[in-house]
Amino acid sequence: MLGLVAICLLYGTEAQGQSYAITNAKIVTVSGATIDKGTIVIRNGLIDAVGANLTPPADAQVFDATGLTVYPGFIDTLTSLGLPSAPVRPQGPGGGGGGAAAAAAAAALQPASNSNYPAGLRPEDAAFNEVRAGESQFEAVRNAGITTVLTIGRTGIFNGQSTVINLAGDSVSGMVVKPQFAEHISFATLPGQYPVSLMGTFSALRQMFYDAQRLQDMQKAYAANPKGMRRPDADRSLEALFPAINRQMPVVFNANTEIEIVRALDLIKEFKLNGVIAGGQESWKVADRLKAQDVAVLLSLNFPKRTTASSPEADPESMQTLRLRADTPKGAGKLAAAGVKFAFQSGGATAVGDYFTNAGKAVEGGLNRDAAIRAMTLGAAEILGVSDRTGSIETGKIANLAIVKGDLFGKEKFVPQIIVDGKVFEQKEAPKPTSGRPDSGGQGGTPPNAGSANVGGMYSINIDVPGSPISGTLNFTQAGSALTGTMITQAGTAPIRDGRVTATGFSFAATVPYGGASLEITVQGSVSGNQVSGTIDTPQGAVPFSGTKNP
Amino acid sequence: MKKITAYFVLLILLVGSFSVVVSAQSNNDVLIKNASVLTAARGTLENTDILIQNGKITRIGKGITAPAGARVIDATGKFVTPGIIDAHSHSMLDAINEGSFSVTSMVRTRDMLNPTDIEIYRALAGGVTGALLLHGSANSIGGQSTTVKFKWGHPVEDYPIADAPPGIKFAMGENVRQTTFSPPPGTPLRYPRTRQGVIETMRDAFIRARDYKQAWDDFKSGKTKVQPRTDLELKPIVEILEGKRLVHAHGYRADEHLNLMLLADEFGFRVATLQHGLETYKIAPEIAKRGTGASIFTDFWGFKLESYDAIPYTAYILWKNGVNVSINSDDGGRMRRLNLDAAKVQKYGGVPEQDALQMITLNPAKQLGIDKRTGSIEVGKDGDVVIWNAHPFSVYSRVDTTIIEGVTYFDRAVDAKMRMDVAKERETLEKLDINKAPGTGGGPPSRPAERRRGDRDDADNGDGGNN
């Protein structure tokens, strides 16, 4: 899809020792006043100098940014970038009905571990250990202007510990900005074992926090005088909670509805945690409590939108749904007015462009424009605990910069250069399909709309519904750019509608059974080799999916 | 001149009639005038006023003058009862059963309260002001219960009654044995699978709790040095042994309920209520002797094998034997018609009116340990009252107003206005671009997804919501 907008050219230039200068740019420093026309000098991956009347050093490679605006590299405060997607679950016999097969599959999904706790209740799982380098995963996000992300998986009750990475580098060791930011918790359940209900989840969390507290006390006592005392356990699951209960590490709760946020705030209070809310769709409704407890919000920009087509037989949508869509973009402004700390995040599943256009909707909804930019840069860095090194354009900070053409929040926004850790990534604007003859772009990129991909066949996919991933199968029959077929999940089979083959993949709509009701969805996917990935838009929000083509 | 006079008369009439319904209220004080008051404690008082100040009933009598700022409600020709209390509900819970283990005393319904559940508002429209929110019946020892007042519109922390004694759900029979549904193939069977296994599971839990209490007592007395673990499973069971936590025990068969009471005798505590108890009529003296309560359906049975040996005279027989009886709903729909279930108790056996009314007011309040503050219309109690347009035991009766601690949470006239306001708001919202169907520029919106209740156990769904 991005191919329609831009042809991406990777330069990845890193001139060791040599400096790089951006001149004649409007510089939004965020930490200080905006410079209408100025220069930024970069050396050794850091911002060497910034100012209005600055002459680039003699050795500098100069980029004339006349008419462009330079922002600190944007930060997405909740993603799963760089993490391997959950393996595709094999189908049980007869389309996935077999409990034993499902249990076996679930067992196969359990990472090898000698923890006393089942997968999903292992706070020691660390994104830092799982994240992988590799340009292709980061390119699309980086091209939008995002240089830094918080990344963490979304499975289990304890998602594990998140890590802050810069979106460039050949090695994980070089990319990591902060190895461990926070412990992340989802109000999820475990398949087939305690806790199988949301109610049990809270008790399981409480028991682990109590046990961690006691283990820490006993280990201290033992370290002071081991004689005559039974040796306390070396339990790394509980030990991983020590920083959380000692308030040395924030605890992020994934919570969207008002009641979920209230439940998280209650736990934060009960265990005196340094709590953070992620998602926060209805956080504006509890702004006073968030402020009183000094709890920050990683606010999702995955705003709910209507994806269902009109149907004459359909019942009216619920007031709750109608209100939610209208209220959500106004939430950020209300949080700001109440003095709640917040930073934006993409909500995991939206097209990367939504991060910016929906931030613009938050501005339309009452958020001060500067506050919006801050929530994507320095404000985000502050919450992630990295504002001493990134988040603003200041001398000595990491050279993470986004050079933007056009309105940051507009549909026409383009980012000709993104600088990550001093590495310069350049992209050239693609010709607009409507502007007549395509301009070749000079570097042999594939022209947009060059033709339809070949997407027919069968795909095994894993749909990353937060807390309870679903596996499924897509069966496509392609005829030109038209697509027909079925989507099969554990819940049943649904025929696809409005199936189309796009430049990079496919799109279709379907009515699928889910949780005893039917759900209207639209699906956008891209196919690369035998890999498939994309987004499913539902009335409750968008969820990502990924998988492989079956031979 | 004549025209103007007529206009003024009309205006006075309008303003006047309006002020009777809702006169300017500057505090939560309410004066209900001239009602037939079914006190549920001291009989029925005709043409009587009730004054509620600062949430409490301060005066009951005739010709009471409204204090400044009080709201005055003219209830001439209407009936007032205490707010109904439902001693068995699963409304406003986002999860009901933690079906993994057979002992899940560590889980709390308090964590699952959802104050946006529309069943709360509907319960208010049926005159229900308070309820015992119970864990489901999947486990021998289920989760901790929550005793709430339905303060619709308030934040969740306002719902639990702070001084209500804590409770816990026990369960016996088919749901616990997991014989009423087929688990997915490959799922290992859970112990216990028999009725004797259920009682053994309970006894084992009490023995473990006794040991746990001993470990803490030894630590507190200095006998041991290392602080024992805080065990969220055993702590509430210790509270049962200490008489601090009320046991509400789901069951149908008399032998099982009797067995549980014998187990309680053995461990030295009193079972607070036998829930459902379709066969409790067989053991009424045994129940009465122990001071245990019974919280039952009036005439609902036959929904599974263990629920056949039932009669509609159970409430009467228990009452006759001196058992504290309450009539519960276990269902969001039945909850709003509990007045009619109490009326049926008069029909089957002829329980007197006040005693029948007590079965949905004062008796459940006693069973839940909240009768000092609610359950009857008496001076000093909370102002939890319901105004009915007819006698509440009539099928023609309807709730006009439901008041908790002096605050109106349901009012039929306000509800009618609210419906119009919501219709207007819907019109505005549906016109917004964000709510229009993609591509088409609008059209009838889609079907809303039903609220998921996936975590109720299958047994419960299969037997008519009989949690």
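Sequence lines set the chain letters: A, B, ... in the order given, protein chains first and strands last, and positions in each chain run from 1.
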A.B. asks: Are the side chains of B:T230 and A:R214 in touch, meaning some heavy atoms are under 4.5 Å apart?
C.D. replies: no
A.B. asks: Out of B:L232, B:T116, B:L429, B:V422, which one racks up the most heavy-atom pairs below 4.5 Å with chain A?
C.D. replies: B:L232
A.B. asks: Give a yes or no on this: more than 12 heavy atoms of other residues, nucleotides or ligands lie within 6.0 Å of atom CZ of B:R193.
C.D. replies: yes
A.B. asks: What is the distance from atom CG of A:L322 to atom CG of B:N435, rounded to the nearest 0.5 Å?
C.D. replies: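 So the CG of A:L322 and the CG of B:N435 are separated by 4.5 Å.
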A.B. asks: By number, which residues in residues 100-113 of chain B have some heavy atom less than 4.5 Å away from chain A?
C.D. replies: B:S100, B:F101, B:M106, B:V107, B:R108, B:T109, B:R110, B:D111, B:M112, B:L113
A.B. asks: Can any side-chain N or O of B:E98 pair as donor or acceptor with the backbone N or O of A:M199 at less than 3.5 Å?
C.D. replies: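 Here the side-chain-to-backbone pair does not exist.
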A.B. asks: Does any heavy atom of chain B fall under 4.5 Å from the side chain of A:Y194, the backbone, both, or neither of them?
C.D. replies: both
A.B. asks: So what's closer than 4.5 Å to chain B heavy atoms on A:P329: side chain, backbone, both or neither?
C.D. replies: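 Neither part.
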A.B. asks: Return the set of residues passing salt bridge (charged side-chain N to carboxylate O under 4.0 Å, His left out) with B:D433 (not counting sequence neighbours), or none when no residue passes.
C.D. replies: B:K436
A.B. asks: Measure the shortest side-chain to side-chain distance between B:D94 and A:R263 over non-hydrogen atoms and say whether it is less than 4.5 angstrom.
C.D. replies: yes
A.B. asks: Mind listing the closest non-hydrogen atom pair of B:I434 and A:R306 along with its distance?
C.D. replies: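 Of all heavy-atom pairs spanning B:I434 and A:R306, the closest is O-CB, 3.8 Å.
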A.B. asks: So how far is it from B:R426 CZ to A:R323 CZ, rounded to the nearest 0.5 Å?
C.D. replies: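 That separation rounds to 9.0 Å.
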A.B. asks: Considering only heavy atoms, which portion of B:L432 lies under 4.5 Å from any heavy atom of chain A: side chain, backbone, both, or neither?
C.D. replies: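 Only the side chain of B:L432 comes within 4.5 Å of chain A.
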A.B. asks: Sub-3.5 Å donor-acceptor pair from the side chain of A:E258 to the main-chain atoms of B:P155, do we have one?
C.D. replies: no
A.B. asks: Heavy-atom pairs under 4.5 Å with chain B are the metric here; pick the option from A:P195, A:A221, A:A326 that has the most.
C.D. replies: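 Answer, by heavy-atom pair count under 4.5 Å with chain B: A:P195.
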A.B. asks: By a 4.5 Å heavy-atom criterion (distance strictly below it), what part of A:D217 contacts chain B: side chain, backbone, both, or neither?
C.D. replies: neither
A.B. asks: For B:E425, does the CD atom sit with more than 12 other heavy atoms under 6.0 Å from it, leaving out its own atoms?
C.D. replies: yes
A.B. asks: Looking at A:P304, A:S203, A:G200, which makes the most heavy-atom pairs under 4.5 Å with chain B?
C.D. replies: A:S203
A.B. asks: To the closest 0.5 Å, what do you measure between OG (A:S318) and CD1 (B:I118)?
C.D. replies: 11.5 Å
A.B. asks: Give the minimum heavy-atom separation between B:G99 and A:V196, together with the two atoms involved.
C.D. replies: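 Closest approach of B:G99 to A:V196: N-CG2, 3.7 Å.
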A.B. asks: Evaluate the criterion side chain to side chain contact (heavy atoms under 4.5 Å, CB included) for residue pair A:R230 and B:V226; output intermediate values, then yes/no.
C.D. replies: CA-CA 9 Å; A:R230 201 187 153 87; B:V226 179; over 6 Å; no
